[in-house]
Amino acid sequence: MRMITSSGAENRSIGELSRHTGVNIETIRYYERVEMLAPPPRTAGGRRVYDTTHLRILVFIRRSRELGFSLDEIRALLRLGGPDKASCREVRDIAARHLEDIRAKLSDLKKLERLLSKTVARCSGGTAPDCPVLDILDIKRAS
C-alpha cells in the first residue's frame with residue numbers, strides 16, 4: 001500500500017467529508033479525539049477543512065471497521081502507510097489474528113444455529129408452558 005498522503009488541495013467541510021465517506025459527523029469527530037484521524041486545519045472563522053488525505057484515511061478506517069477490525073488493529077494497519085511504517089509481516093500477523101477471531105465466531109454461530117434449529121423443530125407452536133425455545137432462554141424454566 002502506498003503512503004497515505006494528500007494528492008490535492010481539495011478542502012471539504014465536515015459535512016461534505018461525511019457525505020463522501022458515509023461516516024457520521026460525530027464519528028469523524030470521535031476519530032479525531034482518539035487520534036485515528038489527524039485534526040484538520042481550520043479557517044480563520046474556525047471551520048474545519050478536510051483534504052484528500054483525511055478522506056482516504058477515513059474511508060480506510062470505515063472499511064476496516066466494516067471488516068471487524070478493532071481501533072487498535074486499525075492504528076497498526078495505518079502505520080503501513082504512515083511515517084511509522086509497519087512491516088508487511090506485522091500487517092499479516094494482525095490480519096491473521098483477526099481471521100482466527102472471525103473463525104471462532106463463525107464456529108460459535110454454527111453451534112448456535114444447530115441448537116436453535118433443533119429447538120425450533122421441537123416447538124409445537126402451542127402454549128407458552130410447553131415452549132422449548134423459552135426453555136433454553138430462561139434458566140428457571142429449564143430446571
Side-chain angles (χ1 to χ4, degrees), residues 1-42 46-143:
M1 179 177 176
R2 291 189 331 260
M3 190 165 154
I4 298 177
T5 59
S6 180
S7 60
E10 194 173 340
N11 292 327
R12 294 177 175 85
S13 69
I14 196 167
E16 290 168 328
L17 184 67
S18 175
R19 282 189 295 281
H20 283 6
T21 62
V23 177
N24 182 287
I25 290 172
E26 287 306 313
T27 303
I28 294 170
R29 290 181 181 139
Y30 170 74
Y31 289 147
E32 288 175 24
R33 281 193 308 274
V34 298
E35 299 178 359
M36 295 289 297
L37 187 65
R42 293 182 181 253
R47 186 176 72 97
R48 294 174 168 103
V49 286
Y50 297 87
D51 62 20
T52 304
T53 300
H54 291 102
L55 182 128
R56 283 189 66 202
I57 291 171
L58 193 55
V59 169
F60 184 95
I61 294 169
R62 188 202 74 225
R63 184 70 181 125
S64 298
R65 294 295 288 158
E66 287 170 351
L67 293 173
F69 285 96
S70 70
L71 293 182
D72 286 337
E73 290 169 329
I74 297 168
R75 277 188 188 95
L77 293 171
L78 280 168
R79 286 196 317 262
L80 178 65
D84 300 326
K85 291 196 186 278
S87 70
C88 244
R89 175 184 217 131
E90 183 181 355
V91 172
R92 185 192 66 209
D93 291 347
I94 292 166
R97 281 192 304 272
H98 187 61
L99 181 58
E100 287 174 18
D101 291 344
I102 289 171
R103 287 180 174 154
K105 288 176 186 175
L106 284 171
S107 176
D108 289 345
L109 284 171
K110 287 176 185 174
K111 290 175 190 171
L112 179 62
E113 178 193 24
R114 285 191 298 271
L115 174 65
L116 196 53
S117 178
K118 288 177 186 176
T119 304
V120 168
R122 289 186 9 232
C123 186
S124 67
T127 60
D130 298 321
C131 182
V133 175
L134 291 176
D135 288 344
I136 66 167
L137 297 175
D138 185 352
I139 191 134
K140 287 187 179 185
R141 288 178 60 97
S143 15

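Just so you know, residue 1 is the first one in the sequence shown, and it goes up from there.
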Mind running side chain to side chain contact (heavy atoms under 4.5 Å, CB included) on His54 and Asp51 for me, showing each step along the way?
CA-CA 5 Å; His54 291 102; Asp51 62 20; 3.0 Å; yes
Hey, mind stepping through Leu78 and Ile61 against side chain to side chain contact (heavy atoms under 4.5 Å, CB included) and telling me if it holds?
CA-CA 9 Å; Leu78 280 168; Ile61 294 169; 4.2 Å; yes
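Here Arg92 pairs with Arg89 under the side-chain contact (heavy atoms from CB on, under 4.5 Å) rule; sequence neighbours left out. Every residue was checked against the side-chain contact (heavy atoms from CB on, under 4.5 Å) condition with Pro39, not counting sequence neighbours, and none meets it. Taking the salt bridge (Lys or Arg N to Asp or Glu O under 4.0 Å) definition, one finds that Arg19 meets it with nothing, sequence neighbours left out. For Glu16, there are no salt bridge (Lys or Arg N to Asp or Glu O under 4.0 Å) partners, not counting sequence neighbours. Scanning for side-chain contact (heavy atoms from CB on, under 4.5 Å) contacts around Ser18 gives Ile25, Ile28, with sequence neighbours left out.
In terms of modelled atom types and a separation under 3.5 Å, the side chain of Arg62 and the main chain of Gly22 share no donor-acceptor contact.
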For residues 68-77, dump all side-chain donor-acceptor pairs below 3.5 Å to protein atoms at least two apart in sequence or in another chain.
| from | atom 1 | to | atom 2 | distance (Å) |
| --- | --- | --- | --- | --- |
| Ser70 | OG | Glu73 | N | 3.1 |
| Ser70 | OG | Glu73 | OE1 | 3.4 |
| Asp72 | OD1 | Arg75 | NH1 | 3.0 |
| Glu73 | OE1 | Ser70 | N | 2.7 |
| Arg75 | NH2 | Val34 | O | 2.7 |

Which donor-acceptor pairs under 3.5 Å do side chains of residues 96-108 form with protein atoms, sequence neighbours excluded?
| from | atom 1 | to | atom 2 | distance (Å) |
| --- | --- | --- | --- | --- |
| His98 | NE2 | Leu67 | O | 2.8 |

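Distance CG/Leu58 to OG1/Thr53: 12.0 Å, rounded to 0.5 Å. Residue Leu109 holds its CG atom at 11.5 Å from CG of Leu116, rounded to the nearest 0.5 Å. Atoms NE2 and CG, from His20 and Leu55 in turn, are 7.0 Å apart once rounded to the nearest 0.5 Å.
Each side-chain hydrogen bond (donor to acceptor under 3.5 Å, both in side chains) pair with one or both residues in residues 23-37, not counting sequence neighbours, appears once here: Glu26-Arg29, Glu32-Arg48, Glu32-Tyr50. Applying the salt bridge (charged side-chain N to carboxylate O under 4.0 Å, His left out) definition to pairs two or more places apart or across chains, none involves residues 112-121.
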